[in-house]
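None of these values were measured; they are calculated from a predicted model. Each chain gets a letter, A, B and so on, in the order the sequences are listed, and its residues count up from 1. Side-chain atoms are counted along with the backbone in the values below, which use heavy atoms only and exclude waters and symmetry mates.
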Number of protein chains: 2
Amino acid sequence: MLDATSSTATQIRHGATDNTGGQHDTTDKAVNDTASPTTPVDDRTGQRIVPETAHSIARRPENRYGNRPTMKDVAARAGVGLKTVSRVVNGEPGVTPDTERRVQEAIEALGFRRNDSARVLRKGRTASIGLVLEDLADPFYGPLSRAVEEVSRAHGSLLINGSSAEDPDREQELALALCARRVDGLVIIPAGDDHRYLEPEIRAGVATVFVDRPAGRIDADVVLSDSFGGARDGVAHLIAHGHRRIGFIGDMPRIHTAAERLRGYRAAMEDAGIPVEEGWMSLGVTDPERVRRAAEEMLSGPAPVTAVFAGNNRVTVTVVRVLAEHARRVALVGFDDFELADLLRPGITVVAQDPARLGRTAAERLFQQLDGSLLTPERIELPTRLIARGSGELPPAD
Amino acid sequence: MLDATSSTATQIRHGATDNTGGQHDTTDKAVNDTASPTTPVDDRTGQRIVPETAHSIARRPENRYGNRPTMKDVAARAGVGLKTVSRVVNGEPGVTPDTERRVQEAIEALGFRRNDSARVLRKGRTASIGLVLEDLADPFYGPLSRAVEEVSRAHGSLLINGSSAEDPDREQELALALCARRVDGLVIIPAGDDHRYLEPEIRAGVATVFVDRPAGRIDADVVLSDSFGGARDGVAHLIAHGHRRIGFIGDMPRIHTAAERLRGYRAAMEDAGIPVEEGWMSLGVTDPERVRRAAEEMLSGPAPVTAVFAGNNRVTVTVVRVLAEHARRVALVGFDDFELADLLRPGITVVAQDPARLGRTAAERLFQQLDGSLLTPERIELPTRLIARGSGELPPAD
DNA sequence: CCCGGCTGTGACAACGTTGTCCAGGCTCTA
DNA sequence: TAGAGCCTGGACAACGTTGTCACAGCCGGG
């Protein structure tokens, strides 16, 4: 089976130009080549005698990448003008049905496809937007990017995306590469905290929306979840169930969302009049191993915490693992929902964001910018939702 | 609870400063316009830049369609030739340090960024590849697309991607749109089963690799998981633990992977000499509700199944939910691993694919095609791995 | 009969970049 | 000091498309 498919490969790849289309192509090219009388052609006339330049070799059909028919080729084959082909391809009015048919046939026969690079160059707009996120594989960003893609698609745009891996330099590199591609707009989940590098781009008309975390040192549209309020509610939920010694495990406070969630934790504790002890908080841990150590630490000692608030889904999952091995029952509320949270025993109580809505809102805002219907940058905060599933309702076990 | 936050998004207007709007916008432009065509340099430098946000500048009508400095502008400002700027921008040799410095300063001052559309048009290669997948939000495709992105990045390419939503027409539309953008290559997770529409593109030099499912009716590189073998092993695992009445719930058999897994199921049963009853198989169900009904059906009746083999991760998750509500303990093996499968009680035994490796392999093969180092299309099958976690080792409960 | 407008078509110039090739100015050697 | 050769810089033509404009033919109304 494998051999059979392999053997036909070369025929399909390279063989097809020999008999049918090949003659036509070369004839057309020859006509085209000699048909520019305006230039004072010394090298042109000598072309047959002079040894090949790199250029002429590069122009040989078999060596040229993208040796594709152009509108000129289609026009020649259909016996019409270049612009008429353009009109047909773009569905512009003012072409006789008969002419249109001839052009369509030529397009079909040559396998022509419009070169959008050239089109972009001419028209200015690329009908594509860029998405810079942290990690394509993070389940939180899946729905978010899909939402962006859907809105994008609805506006006839393609989506180019890349991951910054939480590295500010890489974020910048990516964003600027996208700008060089002349994307119409950018949706960015920031890794860094200084985005002044985007100022020339924004000034040049690149629509820009930041999601999940705010932009740094520039004025721009931002779409966020209410991290502060969500965390405060989640911690208050634990307090309402009788907990007083509550731990907090979160990401580096230089990340805005992490800082906000920490602030929410502190606010809830303060509202309840509970002084926070230093050992209850673990900041800046991300990798599972360190989260594990941090959790075990605050669960041991003379006055261990009876509940944990986890700052994001990765932390939550690790804490769930630690608690599963733990004798005493410890309450848990996590920020971010995750699949199967309801299937665990107990189900995991979470403060849920709506990543799809984040993405949708950001993308819609982007296209509003492009419409010109948006005048002032705004900061939009989407609400979070507390989903009680059991783990957050466990009473304190002293 | 949470009514206040959950009803609407909180919108906070961010400090967008001046309202000195549009009047002198147009005046500035008028000056600029009349002076620029012949000698564009000095008035640019002399122009006073009033403190304004990047946004208010971008909103000016003449900037709306992205008017940006070009190499020509940079050249004029630096007092050098066009090509010299090009050399500096591309790091080509043959420019005096002093000249280079002048050019760099001009670039900085004007906020110039090379227009890659024009570059692409000229050079032929776009340094971007397209990824057509089924659903960006599906956790299975997260690691896959990240792997593709990483390889792509290592080769200096950007990744453009879109979701086909399992719709062949949309797949085709997307793939061809990407070709019109002149991506250098395509990684496709096929939704349809006829890809002859890609023949002109492949012939024109677009590298193409299919992942997860084979290409239809064309000869192309394919990277797959060993669905047949994996399913056979998984079902054999259940048989080895004493099961004979084993159910199978999978996707539509028109999807290649689904058909292969069904075939694996049948093979394992046949190897064990167990005749398969019609009611044990449920094909073509995807949405949770129908999976649920199918599962409940085969778990009821006079001779219910004692074990279920689930054809993909979405099915597995739904079956887990059904079994959780079920009195009798039913064994389960699922195709595809998923996060937290180990945390459930019992842990879910799965036949794991390696989506990241699928993506990486496909992307590497793509760039090999682009190097010219690949001549013949191949079909690569990656092995699966059975991970026993408990649910697949439950004995039959009759 | 002419005139003005309308319709279908095509020639041509941009869009911003890079490859090619040539022109000066320089250094180095005889 | 002149010729050869190198280094730097710039003019120009592509790349494939679309916007502008002009032109030819045709119509109906005066």
Side-chain angles (χ1 to χ4, degrees), chain A residues 32-33 35-44 47 50 52-59 64-76 78-100 102-103 110 112-127 180-182 204, chain B residues 37 65-76 78-100 102-103 110 112-127 180-182 204:
Chain A
N32 283 342
D33 273 348
S36 51
T38 47
T39 42
V41 270
D42 342 332
D43 50 340
R44 291 252 183 200
Q47 194 176 11
V50 166
E52 300 156 319
T53 65
H55 187 68
S56 76
I57 292 173
R59 288 188 57 177
R64 271 274 315 281
Y65 163 78
N67 163 38
R68 295 180 143 246
T70 71
M71 284 191 177
K72 201 165 148 189
D73 300 324
V74 174
V80 301
L82 183 56
K83 182 66 215 221
T84 300
V85 178
S86 172
R87 272 190 267 261
V88 171
V89 169
N90 293 294
E92 288 170 28
V95 182
T96 324
D98 180 61
T99 310
E100 175 164 358
R102 286 215 316 283
V103 172
L110 295 176
F112 166 80
R113 188 163 323 282
R114 182 179 64 197
N115 184 332
D116 276 356
S117 296
R119 174 168 225 252
V120 157
L121 178 60
R122 187 61 233 254
K123 301 204 77 155
R125 293 258 144 162
T126 57
R181 293 297 167 96
R182 293 296 187 268
Chain B
Y65 303 109
N67 87 2
R68 312 193 60 145
T70 71
M71 283 191 178
K72 205 165 145 188
D73 300 325
V74 175
V80 301
L82 183 55
K83 183 63 217 231
T84 301
V85 178
S86 172
R87 273 191 268 260
V88 170
V89 169
N90 293 294
E92 288 170 28
V95 181
T96 326
D98 179 61
T99 309
E100 175 163 358
R102 286 214 316 285
V103 172
L110 296 176
F112 166 80
R113 189 160 324 280
R114 181 178 64 197
N115 184 332
D116 277 355
S117 298
R119 175 166 224 250
V120 156
L121 178 60
R122 187 60 231 259
K123 301 204 76 154
R125 295 243 161 167
T126 58
R181 292 297 167 96
R182 295 295 188 269

Next item on the list: Name the residue closer to the 5' end of DNA chain D, choosing between B:Glu100 and A:Arg113 according to the nucleotide with the nearest heavy atom.
Entry: B:Glu100
Note to self: Between B:Asn90 (side chain only) and B:Glu92 (backbone N and O only), is there a donor and an acceptor less than 3.5 Å apart?
What the structure shows: no
Notebook entry, point to check: Quick one: is D:dG16 close enough that its OP1 or OP2 comes under 4.0 Å of any side-chain N or O from B:Arg122?
Noted result: no
Next item on the list: Ignoring backbone atoms, establish whether B:Thr99 has a side-chain N or O less than 4.0 Å from OP1 or OP2 of D:dG9.
Entry: yes
Checklist line | Atom-to-atom span, CD of A:Glu92 to P of C:dG8 - whole angstrom | finding: 13 Å
Checklist line | N/O (side chain, B:Lys123) to phosphate O (OP1/OP2, C:dG19) under 4.0 Å | finding: yes
Notebook entry, point to check: Which atom names give the shortest non-hydrogen contact between A:Leu110 and A:Pro69, and what distance separates them?
Noted result: O-CG, 3.3 Å
Next item on the list: Write down the atom of B:Val80, the atom of B:Arg102, and the distance for their closest heavy-atom approach.
Entry: CG1-NH2, 3.4 Å
Margin query: On DNA chain C, does the nearest nucleotide to B:Val89 precede the nearest nucleotide to A:Thr96 from the 5' side, or the other way round? Give the residue.
Written below: A:Thr96
Next item on the list: Calculate the interatomic distance between B:Met71 atom CE and D:dC15 atom P; express it in whole Å.
Entry: 19 Å
Notebook entry, point to check: Considering only D:dT18, C:dT18, C:dG16, which nucleotide approaches the side chain of B:Ala118 most closely?
Noted result: C:dG16
Margin query: What's the closest nucleotide to the side chain of B:Leu121 if the choices are D:dC15, D:dG9, D:dT17?
Written below: D:dC15
Notebook entry, point to check: Please give, in whole Å, the distance from C:dT17 P to B:Asn90 CG?
Noted result: 10 Å
Margin query: Can you tell me if A:Asn115 touches the phosphate of D:dC15, counting only side-chain N or O atoms and a distance under 4.0 Å to OP1 or OP2?
Written below: no
Margin query: Nearest to the A:Leu82 side chain among C:dG16, D:dG9, D:dT18, which nucleotide is it?
Written below: D:dT18
Notebook entry, point to check: Contact class for B:Val120 (heavy atom, under 4.0 Å): base, sugar-phosphate, or nothing?
Noted result: nothing
Next item on the list: Whole angstrom is fine here: how far is it from CZ in B:Arg181 over to C1' in D:dG16?
Entry: 15 Å
Next item on the list: Give a yes/no answer on whether the side chain of B:Thr84 brings an N or O atom under 4.0 Å of OP1 or OP2 in D:dG10.
Entry: yes
Check: Got A:Arg182 and B:Asn115 here, is their nearest side-chain heavy-atom distance under 4.5 Å?
Finding: yes
Notebook entry, point to check: Which nucleotide in the set C:dT18, D:dG9, D:dT17 lies at the smallest distance from any side-chain heavy atom of A:Arg119?
Noted result: D:dT17
Next item on the list: Give B:Asp116 one of three labels, base, sugar-phosphate or nothing, depending on what nucleic acid heavy atoms sit under 4.0 Å from its own.
Entry: nothing
Check: Nearest to the side chain of A:Lys83, which nucleotide is it out of D:dG16, D:dG19, D:dG9?
Finding: D:dG19
Notebook entry, point to check: For the side chain of A:Thr70 and the backbone of A:Lys72, is there at least one donor-acceptor N/O pair under 3.5 Å apart?
Noted result: yes
Next item on the list: Name the nucleic acid region contacted by A:Val95, choosing base, sugar-phosphate or nothing; use a 4.0 angstrom heavy-atom cut-off, strictly under.
Entry: sugar-phosphate
Next item on the list: Please determine if a side-chain N or O atom of B:Arg87 lies less than 4.0 Å away from the OP1 or OP2 oxygen of D:dG10.
Entry: no
